[in-house]
Visitor: 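One structure, as structure tokens, below. Some questions next.
Chain identifiers are assigned alphabetically (A, B, ...) following the order of the sequence lines, protein sequences preceding nucleic acid strands; residue numbering begins at 1 within each chain. Both backbone and side-chain heavy atoms feed into the values below; hydrogens, waters and symmetry mates do not. Please read all numbers here as calculations on a predicted model, not as lab measurements.
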There are 4 protein chains.
Amino acid sequence: MAAKRTGEKYDAIIEAAVKVIAENGYHNSQVSKIAREAGVADGTIYLYFKNKEDLLVSLFKVKMGEFTAGARHELKELQDSFAKLARLIYLHFNRLETDRYLALVLQIQLRQSETSIRQGIAGPLKLYFNIIEEVVSHGIESGAFKPDINRKLARQMIFGTMDEVATSWVMSSHNYKLTDQIEPVYYLLARALAQDGKVKSFSI
Amino acid sequence: MAAKRTGEKYDAIIEAAVKVIAENGYHNSQVSKIAREAGVADGTIYLYFKNKEDLLVSLFKVKMGEFTAGARHELKELQDSFAKLARLIYLHFNRLETDRYLALVLQIQLRQSETSIRQGIAGPLKLYFNIIEEVVSHGIESGAFKPDINRKLARQMIFGTMDEVATSWVMSSHNYKLTDQIEPVYYLLARALAQDGKVKSFSI
Amino acid sequence: MAAKRTGEKYDAIIEAAVKVIAENGYHNSQVSKIAREAGVADGTIYLYFKNKEDLLVSLFKVKMGEFTAGARHELKELQDSFAKLARLIYLHFNRLETDRYLALVLQIQLRQSETSIRQGIAGPLKLYFNIIEEVVSHGIESGAFKPDINRKLARQMIFGTMDEVATSWVMSSHNYKLTDQIEPVYYLLARALAQDGKVKSFSI
Amino acid sequence: MAAKRTGEKYDAIIEAAVKVIAENGYHNSQVSKIAREAGVADGTIYLYFKNKEDLLVSLFKVKMGEFTAGARHELKELQDSFAKLARLIYLHFNRLETDRYLALVLQIQLRQSETSIRQGIAGPLKLYFNIIEEVVSHGIESGAFKPDINRKLARQMIFGTMDEVATSWVMSSHNYKLTDQIEPVYYLLARALAQDGKVKSFSI
DNA sequence: CATGAATGAGACTTCATTCAT
DNA sequence: TATGAATGAAGTCTCATTCAT
């Protein structure tokens, strides 16, 4: 009755969903197609997920959760705010470039989902927003960033910029490297945030 | 057989679509509902639009076209690059705040559409991107912005930031004024682009 | 949106449902089968009925309504309570014998429906119960039936007996005439109800 | 392979089925729910019953069998036909009032089952019909009941009346006592059957 | 030009039953 | 004997689009 939230089949279904959605688009990814890709019966999906919506939200939670946990850990290691900003952009772009299926699903396909799914996605996304805002806060408190910057607005600029660059890259069919954009994006954002124009040189 | 691209019913259907989608969400906006709101029969929609996809793409084209034409005209009046940037942000946010139905449809609902519709949307959107890039180019060529800025990247930052700020505002149920964000967004973006940190004071 | 409750297709679908359910049984009567029998598309069913449940409840209402209206009218014509009782049994059995499909559906198949449908059926059935109780009341008040008879209980005996006899007949594959049971059933019930054993001779 | 027809788990499953069906309704009583209630695994059901249908038919057989055996025994003790009739009604109503779960399952839920199950039920029910007919026959042969009564018809009246009264009671949510109906039902039926209106006073 | 009744393809989900352990 | 994870067939309903009037 209650959905099992772990197990190798659970993982297999999540991965199959990413692949199927990436290849067929959100609106053409039937449960039966995902089941076939995962090598299980249609009904098995429902032993691990309450329904299709739960599967999609779980997909996002799992993938976003992995990324967020890793990012939070890596950023904590760094002391310098500019270094944190550079690393954030690196992690964001590198993650997407490393898993192009995931990039397609996160940047394009999942955004076509119904409002209810988007609401389920909101929670994990908020956690990522928090991480970005922590970078901004650290910069302000350490004197690296301008003190009068609105933290939420700064987060929106950072995320909005990275998201737009990533979406553009995904839609271009990946005919250039997303990671090549890390440095120029860094300088744009760093200058926007820096106290007195004192931007540290890019280094990850 | 060929769809009429004008007429008062054409306009009525477009406006009805905006209202219905804003009120019901993309996935709950059936052709019959739009027809009823427009005061026409279901079949009449198909005298003016090839199909539902054509209606939605047309909606976007019309609304975006109005905005783009006005924006291009207004920006041409201004000489200073910073003034152009400030005006761009003003126009973008003011447009959305003035027509909240449209804001909801453009920022949230239409993004849930199938890939084919998003492709149809790409054209009109490109025209807006061009306008933004023209502001950037003008800034670089006039010496106001840093010469080594990647113009496409700068456009992605500008659009990505405005878009994220606008989406966040729409999802917040409009409980604050979007136009209050014009000035702080201006300073963030201006600093990112300015040559030697020489940002002109905000003025629209 | 709202279901049309009249029209020749409405009637055709009701009749088709009776036939399909009689021939295939309740649990094997899919909407598509009913639509095919009615000569309409599956979707057309939903222009006339809110859903499958609504179709089945409507079927019962229409058929029971026709019968109830006719019965109430005919019984009003009669003055004598015993004559009313005899006529009631005649109408009940004759109706079922005349339309054997309907008999099968009402006596057997519809009773297999889910609780929600049975609840929808309760209303029209109550009207029939009222008619039976009116016959009993008339008998008591005219002095034909025993004055201390519990009216509800008498109705339950009358209906329960007729229902059981009818069900038994339907399940026997109609290898005898149900209308041959009118007279003997009349005498059983009349004796149960009569004041001082004064039962009038059977006559319809 | 062959199903075991005895054992404490056999009984536990039957009792669990009665409880689950009474509480959830026929169409919401899945095998897994019955298994959980019985404290066994889903698969274990199939060691004791051929399939779900077999379980439901067995439930009916067991419960009806217990009742029928007891009834036959008790009625044999009585010499007088009217006393037998009174006792029959008492046993029928008392059984249902004593076990309200069973009443709900027998009078309402099991009647929603597919035709195949109803056919399986027919056998055990026939045995009860025989007992009722024996009471009628005894009455006729002893001169207590009218000699020209159709025995099958009399049985249908007796059973149909008791069944209708019981169903009505179950559906009323038991807000009155079913056993209070024994005496008035007795008088109705006794008068219908009695020779020359000579009905014996009620006594159980 | 306009109508709106009719069409029919297509997908999510349930649940009785099996079988490897 | 007992388990319970896995199976997979099957049906209701929606809604974009058509076409006779």
Visitor: Would you indicate which nucleotide in F/dT7, F/dT3, E/dT13 comes nearest to any side-chain atom of A/Asp42?
Guide: E/dT13

Visitor: Please lay out, stage by stage, how A/Gln109 and B/Thr115 fare under the test side-chain contact (heavy atoms from CB on, under 4.5 Å).
Guide: CA-CA 8 Å; A/Gln109 304 300 355; B/Thr115 311; 4.2 Å; yes

Visitor: Closer to the 5' end of DNA chain F via nearest nucleotide, is it A/Gly39 or C/Asn51?
Guide: A/Gly39

Visitor: Using the side chain to side chain donor-acceptor pair (under 3.5 Å) criterion, which residues pair with A/Asn28? Sequence neighbours excluded.
Guide: A/Gln30

Visitor: Could you tell me whether the side chains of B/Ser113 and A/Gln112 share a donor-acceptor contact shorter than 3.5 Å?
Guide: no

Visitor: How many Å lie between CD1 on B/Ile13 and C1' on E/dC1, as a whole number?
Guide: 12 Å

Visitor: Can you identify which nucleotide, out of E/dT13, F/dA2, F/dT17, has its nearest atom closest to the D/Leu47 side chain?
Guide: F/dA2

Visitor: Which residue in the set B/Leu59, B/Leu102, B/Leu106 passes side-chain contact (heavy atoms from CB on, under 4.5 Å) when paired with B/Ile21?
Guide: B/Leu59

Visitor: Nearest whole Å is fine: how far is E/dA2 C1' from B/Phe49 CZ?
Guide: 15 Å

Visitor: Is the shortest side-chain heavy-atom distance between C/Phe60 and C/Val105 below 4.5 Å?
Guide: no

Visitor: For A/Leu56 and E/dC12, give me the distance from atom CG to atom C1', rounded to whole Å.
Guide: 12 Å

Visitor: Just by distance, with hydrogens left out, do A/Tyr101 and A/Glu23 show a side-chain donor and acceptor under 3.5 Å apart?
Guide: yes

Visitor: Has B/Lys9 got a side-chain N or O lying under 4.0 Å from the OP1 or OP2 atom of E/dA2?
Guide: yes

Visitor: For Watson-Crick and G-U wobble pairs within 3.5 Å on both distances, what is DNA chain F written in dot-bracket notation, | included for inter-strand pairing?
Guide: .||||||||||||||||||||

Visitor: Quote, to the nearest angstrom, the P distance that separates E/dC1 from F/dT21.
Guide: 23 Å

Visitor: Are the side chains of D/Phe49 and D/Val57 in contact, using a 4.5 Å heavy-atom criterion?
Guide: no

Visitor: Could you state the OH-P distance from B/Tyr46 to E/dC1, rounded to the nearest angstrom?
Guide: 19 Å

Visitor: Please report, rounded to the nearest Å, how far the P atom of E/dA16 is from the NZ atom of D/Lys50.
Guide: 16 Å

Visitor: Taking for each residue the nucleotide of DNA chain E with the nearest heavy atom, is it A/Lys52 or D/Glu53 whose nucleotide lies nearer the 5' end?
Guide: A/Lys52

Visitor: Before accepting this row, confirm whether a basic side-chain N of the pair C/Glu15/C/Lys63 lies closer than 4.0 Å to the acidic partner's carboxylate O.
Guide: yes

Visitor: Using a cut-off of 4.0 Å on non-hydrogen atoms, how would the nucleic acid contact of C/Tyr48 be classed: base, sugar-phosphate, or nothing?
Guide: sugar-phosphate

Visitor: Return the 5'-most residue of the pair A/Gly43, C/Asn28 with respect to DNA chain F, ranking by each residue's nearest nucleotide.
Guide: A/Gly43

Visitor: Please give me every residue in residues 111-124 of chain A whose heavy atoms get under 4.0 Å of an atom in DNA chain E, ordered by residue number.
Guide: none

Visitor: Could you state the NZ-P distance from D/Lys33 to E/dA16, rounded to the nearest angstrom?
Guide: 10 Å

Visitor: Take atom CD1 of A/Ile45 and atom C1' of E/dC15, then tell me their distance rounded to the nearest Å.
Guide: 17 Å

Visitor: I want to check something: taking the side chain as every heavy atom from C-beta on, are A/Leu55 and A/Asn51 in contact at a cut-off of under 4.5 Å?
Guide: no

Visitor: Heavy-atom distance under 4.5 Å between the side chains of A/Tyr46 and A/Asp54, does that happen here?
Guide: no

Visitor: Among F/dA16, E/dA6, E/dA2, which is the nearest nucleotide to the side chain of B/Val31?
Guide: F/dA16

Visitor: Which nucleotide wins on minimum distance to the side chain of C/Ala41, given the candidates E/dG8, F/dG4, E/dT3?
Guide: E/dG8

Visitor: Could you work out which one of F/dC13, F/dA16, E/dC15 sits closest to the side chain of D/Gln30?
Guide: E/dC15

Visitor: Rounding to a whole Å, what distance do you find between A/His27:NE2 and F/dC15:P?
Guide: 14 Å

Visitor: For E/dT3, take OP1 and OP2 only and decide whether either is under 4.0 Å from a side-chain N or O of B/Thr44.
Guide: yes

